[in-house]
*Asks:* 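Below: one structure in structure tokens.
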Amino acid sequence: MSNVNIIEELAGVRLGSPLAQTLLARVDIMKLSQASYDAIIRPREPGGLSHAERSALAARMARQNADETLAEHYMGKLQEACADPKLNEPILPGEVANYGKRLNAIVRHMDLLTREPKEATRADITALKDAGISEPDIVRLSELAAFVNYQVRVIAGLKMLKGMLG
Amino acid sequence: MKTVHEFTTELPRWSPYITPVKLSEATPEQLDAMKVTPSNKSVSDYVLVLAHDPESLAQRSPLFNAIMYGNDGLSRAERELGAVGASVVNRCVYCAAVHASRYNQLTKQTDVVERIFQNGANAKLEKHEQAIFDFAVKLSQTPPAITADDIVNLRAIGLSELEIVDLVLSTAIFGWANRLMHTLGEPVKAAS
């Protein structure tokens with residue numbers, strides 16, 4: 001596990017600031033959030049979902065949540081992961097048809113989980129299975145979407161608090 | 001099996017769309033992530049489904065517990081209200097049932113949950129509960145829709161900075177939990 005804490009870094013929490021002081025009381029939660037990031041964005045066992053694909057999808061989900069700083073962070077991780085050249089650009093809405101059957105299905109599902117999770121049904125899982133995605137990979141994808149949407153909201157909340165506390 | 005579509009405090013059963021890991025075939029890493037020990041072999045289908053990705057499960061479970069059941073800071077009931085706000089936006093009927101029930105147990109009242117289940121994200125509540133619920137609902141939108149005014153409202157009902165951090169966390173962790181529970185399976189009427 002690394003010592004950096006990406007959530008605090010990207011929320012712009014300055015060392016020694018009032019919010020940084022407050023967060024000292026939640027250092028366990030910040031550490032577990034970072035450990036979750038490591039386990040989901042760059043896992044030891046990525047299964048059928050490479051580190052590059054994870055970062056590309058995370059960047060797309062961050063952008064859909066209007067968090068450009070987080071999106072840029074993941075684009076940086078994508079470049080580090082020496083991506084498939086096709087994934088070197090963020091996967092933008094409307095370009096879904098260009099990625100082949102497997103990735104189309106994945107992108108469609110990530111969009112659903114990010115924007116309208118309430119609309120998800122059994123048919124959406126069936127569609128992933130039909131695109132040849134294994135059950136363990138469906139769970140990995142779900143954790144990825146779920147985690148990024150958690151991270152976006154912690155950062156959004158801390159940024160807003162920082163604006164008031166300094 | 002009858003799928004439960006409406007919000008309820010009557011606890012449904014969770015029925016997975018993904019084949020749960022078989023406990024007898026689980027790897028040591030999966031057993032460890034599921035916290036299976038010789039004295040604790042009861043594992044829910046939900047955890048058995050998540051065990052397909054043991055690396056993330058091993059971190060998420062302690063994170064969830066630290067956020068929801070930590071000692072100081074925001075009250076247990078108010079954390080549950082954050083969880084309910086997220087679960088209403090994401091329409092996770094199972095999560096809403098579990099956490100609305102806990103809220104009712106902790107507060108020994110049912111009025112707040114009844115209003116939320118009736119009117120969803122637009123529910124009208126007393127000032128204190130309204131500020132907390134509205135914050136959770138707005139933070140749960142995509143993109144998150146909280147404004148400085150929402151923080152002002154939380155300060156106005158007496159929440160400290162740390163308590164607001166706890167509300168952010170308890171709402172956000174349901175942005176995570178809802179996206180698993182509601183999308184990898186469905187709530188079905190429990191056998192009576």
Side-chain angles (χ1 to χ4, degrees), chain A residues 18-19 21-23 25-26 28-29 32-40 43-45 47 61 64-67 109 112-122 124-126 134-140 142-147 149-158 160-161 163-165, chain B residues 3 17-19 21 29 49-60 62-64 66-67 70 72-73 86 88-92 135 139-140 142-148 150-152 155 160-162 164-169 171-180 182-186:
Chain A
L19 184 54
Q21 291 299 114
T22 299
L23 287 173
R26 294 293 175 263
D28 55 335
I29 289 172
L32 285 164
S33 297
Q34 182 60 35
S36 298
Y37 172 96
D38 293 337
I40 288 169
R44 282 177 282 107
E45 299 288 341
M61 292 188 276
Q64 288 173 343
N65 272 294
D67 190 334
H109 197 67
L112 176 71
L113 263 52
T114 297
R115 293 167 151 174
E116 295 285 346
K118 65 176 191 290
E119 303 297 338
T121 67
R122 180 191 295 271
D124 297 302
I125 297 297
T126 306
S134 73
E135 290 194 315
D137 283 349
I138 293 173
V139 175
R140 291 184 181 102
S142 307
E143 292 278 15
L144 174 64
F147 169 75
N149 277 284
Y150 161 78
Q151 188 187 30
V152 158
R153 284 165 181 79
V154 178
I155 290 173
L158 294 186
M160 199 57 76
L161 261 175
M164 307 200 53
L165 291 178
Chain B
T3 307
Y17 302 147
I18 298 281
T19 318
V21 168
E29 189 187 7
V49 165
L50 299 185
H52 282 295
D53 183 3
E55 220 170 316
S56 67
L57 178 61
Q59 305 302 336
R60 199 195 68 99
L63 175 63
F64 182 94
I67 289 175
D72 59 341
V88 164
V89 170
N90 297 324
R91 214 165 169 89
C92 183
F135 182 85
L139 186 59
S140 300
T142 300
I146 50 166
T147 65
D150 298 308
I151 304 272
V152 171
R155 296 292 282 155
S160 69
E161 290 91 354
L162 183 60
I164 297 174
V165 167
D166 286 338
L167 180 60
V168 167
L169 291 167
T171 303
I173 197 68
F174 276 82
W176 187 333
N178 294 160
R179 283 177 174 82
L180 299 175
H182 177 64
T183 69
L184 292 170
E186 63 187 350

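Just so we're on the same page: letters track the sequence lines, and every chain starts at 1.
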*Asks:* So, does A:Gln64 use its side chain to make a donor-acceptor pair with the main chain of B:Thr142 at under 3.5 Å?
*Replies:* no

*Asks:* Can you see whether A:Thr22 engages B:Glu161 through a side-chain donor-acceptor pair at a distance of less than 3.5 angstrom?
*Replies:* no

*Asks:* For the candidates B:His52, B:Arg91, B:Arg155, B:Arg60, which exhibits the highest count of non-hydrogen atom pairs separated by less than 4.5 Å from chain A?
*Replies:* B:His52

*Asks:* Taking all heavy atoms of A:Ala146 and all of B:Arg179, pick out the closest pair and write down the distance.
*Replies:* CB-CB, 3.9 Å

*Asks:* Let me confirm one number: the CG-CG distance from A:Leu144 to B:Asp53, rounded to the nearest 0.5 Å.
*Replies:* 10.0 Å

*Asks:* Taking every non-hydrogen pair under 4.5 Å, which of A:Ile138, A:Ile125, A:Thr126 racks up the most with chain B?
*Replies:* A:Ile125

*Asks:* Of all of B:Thr3, B:Thr147, B:Val89, which one pairs up most often with chain A through heavy atoms under 4.5 Å apart?
*Replies:* B:Thr147

*Asks:* Dump the intermediate steps for side-chain contact (heavy atoms from CB on, under 4.5 Å) on A:Lys118 and B:Asn178, then the final yes or no.
*Replies:* CA-CA 9 Å; A:Lys118 65 176 191 290; B:Asn178 294 160; over 6 Å; no

*Asks:* Chain A heavy atoms under 4.5 Å from B:Asp72: which part of the residue, side chain, backbone, both or neither?
*Replies:* both

*Asks:* To the closest 0.5 Å, what do you measure between CD (A:Glu135) and CG (B:Leu184)?
*Replies:* 10.0 Å

*Asks:* Heavy-atom pairs under 4.5 Å with chain B are the metric here; pick the option from A:Val154, A:Asp124, A:Thr114 that has the most.
*Replies:* A:Thr114

*Asks:* To the nearest 0.5 Å, how far apart are CD1 in B:Ile146 and CE in A:Met160?
*Replies:* 4.5 Å

*Asks:* Any side-chain heavy-atom pair from A:Asp67 and B:Pro143 closer than 4.5 angstrom?
*Replies:* no

*Asks:* Mind listing the closest non-hydrogen atom pair of A:Ala39 and B:Glu55 along with its distance?
*Replies:* CB-O, 3.4 Å

*Asks:* Could you report the tightest heavy-atom contact between B:Ala66 and A:Leu32, atom names first, then the distance?
*Replies:* CB-CD1, 4.4 Å

*Asks:* What part of A:Ile40 gets closer than 4.5 Å to chain B, counting heavy atoms only: side chain, backbone, both or neither?
*Replies:* side chain

*Asks:* So, B:Glu186 side chain and A:Arg122 main chain: donor-acceptor pair closer than 3.5 Å or not?
*Replies:* no

*Asks:* With rounding to the nearest 0.5 angstrom, report the CG to CD1 distance, A:Leu158 to B:Ile164.
*Replies:* 11.5 Å

*Asks:* Heavy-atom distance under 4.5 Å to chain B: side chain of A:Leu23, backbone, both or neither?
*Replies:* side chain

*Asks:* At a 4.5 Å cut-off on heavy atoms, which part of A:Arg26 comes close to chain B: side chain, backbone, both, or neither?
*Replies:* side chain

*Asks:* Please determine, among A:Gly47, A:Ser36, A:Ala66, A:Gly157, the option with the most heavy-atom pairs under 4.5 Å with chain B.
*Replies:* A:Ser36

*Asks:* Quick one about A:Glu143 and B:Trp176 (side-chain donor to acceptor, distance below 3.5 Å, no hydrogens or angles considered), yes or no?
*Replies:* yes

*Asks:* Which region of A:Asp28, side chain (C-beta onward) or backbone (N, CA, C, O), has a non-hydrogen atom less than 4.5 Å from a non-hydrogen atom of chain B, or is it both or neither?
*Replies:* side chain

*Asks:* With rounding to the nearest 0.5 Å, note down the distance linking OH in A:Tyr150 to CD1 in B:Ile67.
*Replies:* 4.0 Å

*Asks:* If I take atom CG from residue B:Leu169 and atom OG from residue A:Ser33, how far apart are they, to the nearest 0.5 angstrom?
*Replies:* 7.0 Å

*Asks:* What part of A:Ala145 gets within 4.5 angstrom of chain B, counting heavy atoms only: side chain, backbone, both, or neither?
*Replies:* backbone

*Asks:* For chain A, which of B:Gly175, B:Ala172, B:Ala58 has the most heavy-atom pairs under 4.5 Å?
*Replies:* B:Ala172

